[in-house]
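Read through the structure below, which is laid out as structure tokens, and then see the notes.
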Amino acid sequence: MLDLKWILANQETMAGYLKARKHDFDLKTLVELDERRRKIIGETEDLKAKRNEGSRKIGSAKNNPDIDVNALKAEIKAMGDDIKNLDSELAEIEQKLHDCLMTLPNKLSDTTPIGNDENDNPVVRTWGEIRKFDFEPKAHWDIAEPLGIMDFEKGVMLAQSRFTVLKGLGARMERALVNFMLDLHTQKHGYLEVEPPFMVRSAILEGTGQLPKFAEDLYKLQNDDLWLIPTAEVPLTNLNRESILDEKDLPLYYTAYTPCFRREAGSAGRDVRGLMRQHQFDKVEMVKICTPETSYDELEKLTSNAEDVLKILKLPYRVVNLCSGDIGFGSCKTYDLEVWLPSQNKYREISSCSNCEDFQARRMNLRYRPSDPDKNGKIRFAHTLNGSGIAVGRTLIAIIENYQEQDGSVTIPEALVPYMDGLKKIEKI
RNA sequence: GGAGAUGUGGCCGAGCGGUCGAAGGCGGUUGACUCGAAAUCAUCUAAGCGGUGUUGUAGCCGCUUCUAGGGUUCAAAUCCCUACAUCUCCGCCA
């Protein structure tokens, strides 16, 4: 959510952002709603001021028998209906205004390039040597199934398509990757490990921006106001919602491993084979809460924290800066990390690191008290950032494909060996 | 699931129909003392919205907010109802 006052004062800028995002939005309605709102506030507040004054008079009439209390009561009571009507009209308008604001996307950073789609995302940097195979590299499903570490049919049998069963060393490596990533972020990068609920209330999803606009992407429980989380960003960012933090306690760094649940509505036909696009997948997430002054530096650090995972695993990747047409609803600036997949002969997204500035903080009323009262004594909204650190299933894919051998075995990356009980290779038994 | 108690500002905690946006304490601010620090003393210290005003964010006026949503009343933190949460006891359960 953006500051209504800011939007009204910068309508052209906002319209520019919307155009760059290719996002339809009727700013005029917003302006009109606000005008009506102010008008009614003026009327209702005048009436209330009169009412309060009258009530105060009655209160003081105890020691002043000259005042006709009954007449005053009748007079004030008569105003009650008007106030009630105006208040309910106001509530209706404010609800509409709020609904409207909640569907408005975030601003854009000056450093977010203008573009139409993923083809316009500039590459910021590339890391690692792409391995030259002296055989035709296979797709991960053609390697994993014969090894007995992934079972796609069983996933479908138990649930539906886009579910997979990991078995044996496949399941083991998934768990090893989670531990490796969490250890890295907690021990080397200074994050606090968190295990949050995997289900959250609607208001929590509104806080991070998944609701109200993207309900069709989420799994909702039938009998409760609870949804399965699509990412740990949701519970982590909301951890400090509706509170006022002290600047001296910032920045806050959180990391969590959680499964993520996504309906993948609208992605029918894409990545239907393999582990690439699942309804349920594991992810280690990083979230930061910080001051506006530091949030872009924190984004660089956050991104490099995610890159470290790939560097240590020696997986070639590149970093792209998402353009205005590709960036997410709630983000001002996003770096995507794309890992090299030999079978597809291209880079594929494995992490997404975003600075949401105060967009989410406004939605969840997450604020902080600046420590320097001379400069910025007022309570301000914090900035929030999130990034995958990183998607575990896709890391498994990347390892299997990049570390595959001609005989169908998979070498285990050196850094992961200690997490695999010293095992160096996954082979056919 | 059953019974009872509780839910107040950044935090703790009083208040139980009007003069309460709310005592007191902690924390924080500024000043005094000090070479400096600690201690002590004094001072200020809730947020949102609307208006006015300065135009870079002061001040002033008003409205709202004491878990949330309803209700009673001229008037509610205070009374009533509902929901949610916390604590205690019982039941159930991993």
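Heavy atoms only: backbone and side chains are in, while hydrogens, waters and symmetry mates are out. Just so we're on the same page: letters track the sequence lines, and every chain starts at 1.
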Is the shortest side-chain N/O distance from Lys5(A) to OP1 or OP2 of G50(B) below 4.0 Å? yes

Please measure how far the P atom in A3(B) lies from the corresponding atom in A83(B), and state the result in whole Å. 12 Å

Each nucleotide of nucleotides 61-68 of chain B classed B (base within 4.0 Å of a protein heavy atom), S (only sugar-phosphate) or -, in 5' to 3' order, makes -BBS----

Minimum heavy-atom separation for Lys333(A) to Thr112(A), with atom names? CA-OG1, 3.6 Å

Taking atom C1' in both A23(B) and G15(B), what distance in whole Å separates the two? 8 Å

From CA spacing to verdict: side-chain hydrogen bond (donor to acceptor under 3.5 Å, both in side chains), Asn355(A), Ser109(A): CA-CA 9 Å; Asn355(A) 185 358; Ser109(A) 157; over 6 Å; no

Rounded to the nearest Å, what distance is computed from the CD atom of residue Glu247(A) to the C1' atom of nucleotide G27(B)? 17 Å

Whole-Å distance, Asp225(A) CG to A85(B) P, equals 12 Å

Please test Phe198(A) against Phe261(A) for ring-ring contact (aromatic ring centres under 6.0 Å, His included), starting from the C-alpha separation and ending with a verdict. CA-CA 9 Å; Phe198(A) 301 162; Phe261(A) 303 93; 7.4 Å; no

Could you tell me whether Asp117(A) and Lys22(A) make a salt bridge, using a distance below 4.0 angstrom between a side-chain N and a carboxylate O? no

Please report the distance separating the C1' of C26(B) from the corresponding atom of U64(B), rounded so that it comes out in whole Å. 28 Å

Between Tyr368(A) and Arg380(A), is there a side-chain donor-acceptor contact under 3.5 Å, judged purely by atom types and distance? yes

Between A42(B) and C33(B) - C1' atom distance, rounded Å: 11 Å

Whole-Å C1' distance, A22(B) and C41(B): 27 Å

Of Arg367(A) and Gly54(A), whose closest RNA chain B nucleotide lies nearer the 5' terminus? Arg367(A)

How far does the P atom of U72(B) sit from the matching atom of C80(B), given to the nearest Å? 15 Å

NZ/NE/NH1/NH2 to OD/OE distance under 4.0 Å, Asp99(A) and Lys213(A): no

Separation of C49(B) atom C1' from Lys39(A) atom NZ, nearest Å, is 18 Å

What is the nucleic acid contact for Lys248(A), judged by heavy atoms within less than 4.0 Å: base, sugar-phosphate only, or nothing? nothing

Does the side chain of Ser267(A) come within less than 4.5 Å of Arg162(A)'s, by heavy atoms? yes

Ignoring hydrogens, what is the shortest heavy-atom contact between Leu341(A) and Glu401(A)? Give both atom names and the distance. CB-OE1, 3.7 Å

Roughly how far apart, to the nearest Å, are C11(B) and U45(B) at atom C1'? 14 Å

Where does RNA chain B pair, written as one dot-bracket string 5' to 3', with Watson-Crick or G-U pairs under 3.5 Å, ( ) inside the strand, [ ] for crossing pairs and | for another strand? ((((((((.[[[..)..(.....]]]((.(((.......))).))(((((((......))))))).[[[[[..)....]]]]])))))))....

Between Glu193(A) and Gln187(A), is any side-chain donor less than 3.5 angstrom from a side-chain acceptor? no

Separation between the P atoms of G13(B) and U67(B), rounded to whole Å: 14 Å

Short of 4.0 Å, heavy atom to strand atom, which residues of residues 197-210 of chain A count as contacting RNA chain B? none

In whole angstroms, the gap separating P of A46(B) from CD1 of Ile244(A) amounts to 11 Å

Rounded to the nearest 0.5 Å, how far does OG of Ser331(A) lie from CZ of Arg21(A)? 7.0 Å

Are Tyr17(A) and Asn106(A) linked by a side-chain donor-acceptor pair shorter than 3.5 Å? no

Rounded to the nearest Å, what distance is computed from the CD1 atom of residue Ile83(A) to the P atom of nucleotide U73(B)? 15 Å

Rounded to the nearest angstrom, tell me the gap between atom CG in Asn240(A) and atom P in C11(B). 13 Å

Euclidean distance, atom CD of residue Glu242(A) to atom P of G7(B) [Å, nearest integer]: 20 Å

Return yes if a side-chain donor-acceptor contact under 3.5 Å exists between Ser354(A) and Asn386(A), otherwise no. no

So does Glu427(A) get a backbone contact from the side chain of Ser409(A), meaning a donor-acceptor N/O pair under 3.5 Å? no

